[in-house]
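Below, chain A is the first sequence line, B the second, and so on; all start at residue 1.
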There are 2 protein chains.
Amino acid sequence: MTVAITRFEEKIAGYGGDGPKLENCPVRTVIDHIGGKWSTLLLLALSEKPYRFGELRRLVPDISQRMLTQTLRDLERDGYVLRTVFPTKPPSVEYRLTDLGHSLFKALCVLLDWAEGNYLAVKDARRSFDERNA
Amino acid sequence: MTVAITRFEEKIAGYGGDGPKLENCPVRTVIDHIGGKWSTLLLLALSEKPYRFGELRRLVPDISQRMLTQTLRDLERDGYVLRTVFPTKPPSVEYRLTDLGHSLFKALCVLLDWAEGNYLAVKDARRSFDERNA
DNA sequence: CCGCATCCGCTCGGATACTG
DNA sequence: CAGTATCCGAGCGGATGCGG
């Protein structure tokens, strides 16, 4: 783990200075976009098979139509999702993970598994902290 | 990877309904908090050794004092960071990752490595998408 | 040195109504 | 079915100034 600080200084800290280098920071480039409220959930939903717009809406019951459209568009823009329109009547649109999307999801999976295994500890920590500062 | 949709339906979709179950969704509980603009960066900075407030400020040059304080507080609340005040004159405050924090960081590392290895592909996808929709 | 308080712009995200 | 357009509130996050 001694690589961490090296990583940080070389890969992160160097991007905050004067030059226009911030947009070249790998961590920020990727993390800032999948940190949205719905991105992770949609990647997870699409990880096993493609879905149509309406199906995704039902799978994530509390997402608004607006946010579903916008988040899918962002995921498509980043190259994680492929959007295919079938000119049927009425039209249907399929969303499917690209290879890049599947690759990202595999990395994301480690974090999701951690979340499942440790979220109770996190909730406990929160409760304990809130009690101390009552 | 056939576990994904099962995971989704059981672990995610079920939390959006009528009951007050949303706060019990493991993924949202954890991801929503580390998705902030600075959380990941600070976890990365603290992953190798503890730092004092001012040191962290210098390590992440473009963070404001307000956001540094607030993000560290959130990380402390979730149990990832331990805050220790040394009553010297002037006082000094040390921030250090807890065991839970180190555990989270290990899971996060996979994602950070992915970001380093693939952010160029993401940037290319973005540029290509923006050109198509010019 | 390490914060907290205040103000304030800006983006995220929800609700609703309307197209092809 | 799959969006687009518009409005609007809430909260994130930056800048500045004060306090122990």
Across all chains, not counting sequence neighbours, the side-chain hydrogen bond (donor to acceptor under 3.5 Å, both in side chains) partners of B:Arg66 are none

Pair listing, side chain to side chain donor-acceptor pair (under 3.5 Å) test, anchored in residues 67-77 of chain A, at least two apart: A:Arg77-B:Asp130

Heavy atoms only: give me the nearest A:Cys25-A:Thr29 pair and the separation to one decimal. O-OG1, 2.7 Å

Set of residues satisfying salt bridge (Lys or Arg N to Asp or Glu O under 4.0 Å) with respect to A:Glu55, sequence neighbours excluded: none

Near-strand residues of residues 66-78 of chain A, defined as heavy-atom separation under 4.0 angstrom from DNA chain D: A:Arg66, A:Thr69, A:Arg73

Do the side chains of A:Asp32 and B:Lys37 get close enough for a salt bridge, i.e. N-O under 4.0 angstrom? no

Heavy atoms of A:Leu43 and A:Tyr80 approach each other most closely as CD2-CB, 4.3 Å

For A:Val110, the hydrophobic cluster (side chain heavy atoms closer than 4.5 Å, chained through members) also holds B:Val110

First-last contacting nucleotides on DNA chain D - partner chain A, under 4.0 angstrom, heavy atom: D:dC1 to D:dT6

Contacts of B:Thr98 meeting side-chain contact (heavy atoms from CB on, under 4.5 Å) (sequence neighbours excluded), chain-then-number -> B:Leu82, B:Leu100

Tell me the closest heavy-atom pair linking B:Ala107 and A:Leu111, and the distance in Å. CB-CD1, 4.0 Å

How would you label the contact of B:Arg57 with the nucleic acid (heavy atoms, under 4.0 Å): base, sugar-phosphate, or nothing? nothing

For A:Ala45 and A:Tyr51, which heavy atoms make the closest approach, and how far apart are they? O-CE1, 3.3 Å

Nucleic acid contacts of residues 88-98 of chain A, taken as heavy-atom distances under 4.0 Å to DNA chain D: A:Pro90, A:Pro91, A:Ser92, A:Val93, A:Tyr95

To the nearest 10°, give me the bend of the helix from C:dC1-D:dG20 to C:dG20-D:dC1, comparing the axes of its five terminal pairs at either end. 40°

To the nearest 0.5 Å, how far apart are CD1 in B:Ile31 and CG in A:Leu112? 5.5 Å

Distance-minimising heavy-atom pair for A:Ser39 and A:His33: OG-O, 3.4 Å

What residue pairs, at least two apart or across chains, pass side chain to side chain donor-acceptor pair (under 3.5 Å) with a residue in residues 83-93 of chain B? B:Arg83-B:Tyr95

To the nearest 0.5 Å, tell me how far B:His102 NE2 sits from B:Phe105 CZ. 9.0 Å

Partner residues of B:Arg57 under the salt bridge (Lys or Arg N to Asp or Glu O under 4.0 Å) criterion, sequence neighbours left out: none

Under a criterion of less than 4.0 angstrom to any heavy atom of chain B, what are the 5'-terminal and 3'-terminal contacting nucleotides of DNA chain C? C:dC1 to C:dT6

